[in-house]
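So the structure is just underneath, and the comments pick up after that.
Residue numbers run from 1 in the order of the sequence given. Computed over heavy atoms, backbone and side chain alike; hydrogens, waters and symmetry mates excluded.
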Amino acid sequence: MKIATYNVNGVNGRLPVLLQWLSETQPDIVCLQELKAPQEKFPVDAINQAGYDAVWHGQKQWNGVAILTKAGMDVKEVGRVLPGDADDVQSRYLECMVNDILICCLYLPNGNPAPGPKFDYKLKWFQRLSNRAQELLNFKIPVILLGDFNVMPTERDVYKPERWVDDALFRPETRAAFHNLVAQGWTDALRHLYPNETIYTFWDYFRNAYGRDAGLRIDHFLLSPQLVDRLKDAKVDKYVRGWEKTSDHAPVRIELG
């Protein structure tokens with residue numbers, strides 16, 4: 001089974017890129033982030049014609065997450081709100097049971113500028129995610145937390161880390177929150193297979209970042225213990241970042257046996 005995450009940075013504006021990538025790679029499950037589309041504007045017809053069903057949680061202009069599954073797969077929506085804050089209206093989280101795996105698609109807040117209210121929101125959201133993640137581990141079922149976490153866990157995950165020390169994605173509080181989450185018992189899929197390699201999933205549009213390979217690794221797969229032995233492969237489809245009118249993120253995929 002091939003499972004992917006992709007921050008599309010606007011699902012309608014990047015739809016040709018998304019459809020081309022889906023056609024070429026044929027993942028079984030895809031989590032999308034940053035739809036930037038209200039619920040009624042999600043391109044469900046085009047997604048269906050590409051051979052996928054979809055569950056999505058849209059929001060006008062910003063945020064938005066979706067889970068795509070190949071037509072015919074058994075999909076049951078579990079929830080579309082991260083517990084812990086009844087006043088949070090941002091569309092950043094979606095849970096679906098797909099066959100025997102609970103897929104948790106997330107788009108963690110950016111948090112800049114830091115310090116400040118946006119950074120406070122990021123850390124509170126992270127804590128809510130950690131609380132939910134612990135609940136899911138306690139169920140002892142196959143679970144994947146995947147998506148745009150907006151955090152570079154280590155210096156290996158960022159080009160020239162000295163330039164990012166004050167950024168919300170790399171501040172000590174953010175990295176500590178990620179490491180504490182993983183320490184619950186999750187496995188970082190890419191680092192599990194490639195512990196020492198330089199791996200990036202995002203390249204800014206400015207200063208020729210993609211051409212210079214000045215990237216960040218901020219899109220992650222965290223696997224529950226029930227899935228670690230099934231992990232066969234992980235890769236970043238970096239070439240998609242070089243396409244015309246593409247997202248600043250590249251799709252990331254894992255394969256489970």
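Take Lys232 and apply the side chain to side chain contact (heavy atoms under 4.5 Å, CB included) test, not counting sequence neighbours, and it matches no residue. Every residue two or more places apart in sequence or in another chain was checked for a side chain to side chain contact (heavy atoms under 4.5 Å, CB included) with Asp166, and none qualifies.
Within the 4.5 Å cutoff, the side chain of Asp148 has no heavy atoms near those of the Leu108 side chain. Two residues are said to be in side-chain contact when any heavy atoms from C-beta on lie closer than 4.5 Å; Leu231 and His192 meet this criterion. Side-chain contact between Lys36 and Gln61: absent, with no pair of heavy atoms (C-beta onward) separated by less than 4.5 Å. The shortest side-chain heavy-atom distance between Ile3 and Phe221 falls under the 4.5 Å cut-off. No side-chain heavy atom of Val65 sits under 4.5 Å from any side-chain heavy atom of Leu32. Two residues are said to be in side-chain contact when any heavy atoms from C-beta on lie closer than 4.5 Å; Leu181 and Leu129 meet this criterion. Between Val236 and Leu190, the closest side-chain pair of non-hydrogen atoms falls below 4.5 Å. Looking only at side-chain heavy atoms (C-beta outward), Asp248 and Trp203 stay at 4.5 Å or farther from each other.
Inspection of the Thr201 and Asp219 side chains reveals an N or O donor paired with an N or O acceptor under 3.5 Å. There is a side-chain donor-acceptor pair under 3.5 Å between Gln127 and Asn131. Inspection of the Gln49 and Asp45 side chains reveals no N or O donor paired with an N or O acceptor under 3.5 Å. Between the side chains of Thr5 and Gln33, at least one donor N or O lies within less than 3.5 Å of an accepting N or O. In the model, Asp88 has no side-chain atom that pairs as donor or acceptor with a side-chain atom of Tyr93 under 3.5 Å. A donor and an acceptor atom, one from each side chain of Asn110 and Lys122, are nowhere located under 3.5 Å apart.
In this structure, Leu102 is not a member of the same hydrophobic cluster as Met1, with clusters built from ILVMFWY side-chain heavy atoms closer than 4.5 Å. By the rule that hydrophobic residues join a cluster once side-chain heavy atoms approach within less than 4.5 Å of another member, Tyr121 and Phe119 end up as members of separate clusters. In the hydrophobic clustering of this structure, Ile141 groups with Leu106; members are Ile, Leu, Val, Met, Phe, Trp, Tyr whose side-chain heavy atoms approach within less than 4.5 Å, directly or through other members. By the criterion of side-chain heavy atoms lying less than 4.5 angstrom apart, applied directly or through intervening Ile, Leu, Val, Met, Phe, Trp or Tyr residues, Leu94 is not grouped with Leu82; the two fall into different hydrophobic clusters. By the criterion of side-chain heavy atoms lying less than 4.5 angstrom apart, applied directly or through intervening Ile, Leu, Val, Met, Phe, Trp or Tyr residues, Val17 is grouped together with Tyr52 in one hydrophobic cluster.
Atom CD in Glu95 sits 12.5 Å away from atom CD1 in Ile144 (nearest 0.5 Å). Between atom CD of residue Glu34 and atom OG of residue Ser247 there is a gap of 7.0 Å, rounded to the nearest 0.5 Å. Rounding to the nearest 0.5 Å places CG of Asp74 at 11.0 Å from SG of Cys96. To the nearest 0.5 Å, atoms CZ (Arg253) and CG (Asp28) are separated by 10.5 Å. Rounded to the nearest 0.5 angstrom, Leu169 CG and Asn112 CG are separated by 6.5 Å.
With respect to the salt-bridge test (charged N to carboxylate O, under 4.0 angstrom), the residues Asp100 and Arg230 qualify.
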Q) Given Arg191 and Asp157, is the salt bridge (charged side-chain N to carboxylate O under 4.0 Å, His left out) satisfied, shown in steps? A) CA-CA 10 Å; Arg191 279 290 169 235; Asp157 300 307; 2.9 Å; yes
Q: Take Gln90 and Trp125 through the side-chain contact (heavy atoms from CB on, under 4.5 Å) test and state the conclusion after the steps.
A: CA-CA 11 Å; Gln90 297 192 26; Trp125 206 98; over 6 Å; no
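Of the options Phe202, Trp21, Tyr107, Tyr205, a ring pair (Phe, Tyr, Trp, His ring centres under 6.0 Å) to His249 is made by Phe202 and by none of the others.
A cation-pi geometry, defined here as NZ or CZ lying under 6.0 Å from the six-membered ring centre and within 45° of its normal, does not hold between Arg217 and Tyr200.
Side-chain rings of His220 and Phe178 approach one another, their centers coming within less than 6.0 Å.
Residue Arg241 comes nearest to Ala250 through the heavy atom pair CB-CB, 4.4 Å, listed as atom of the first residue, atom of the second, then distance.
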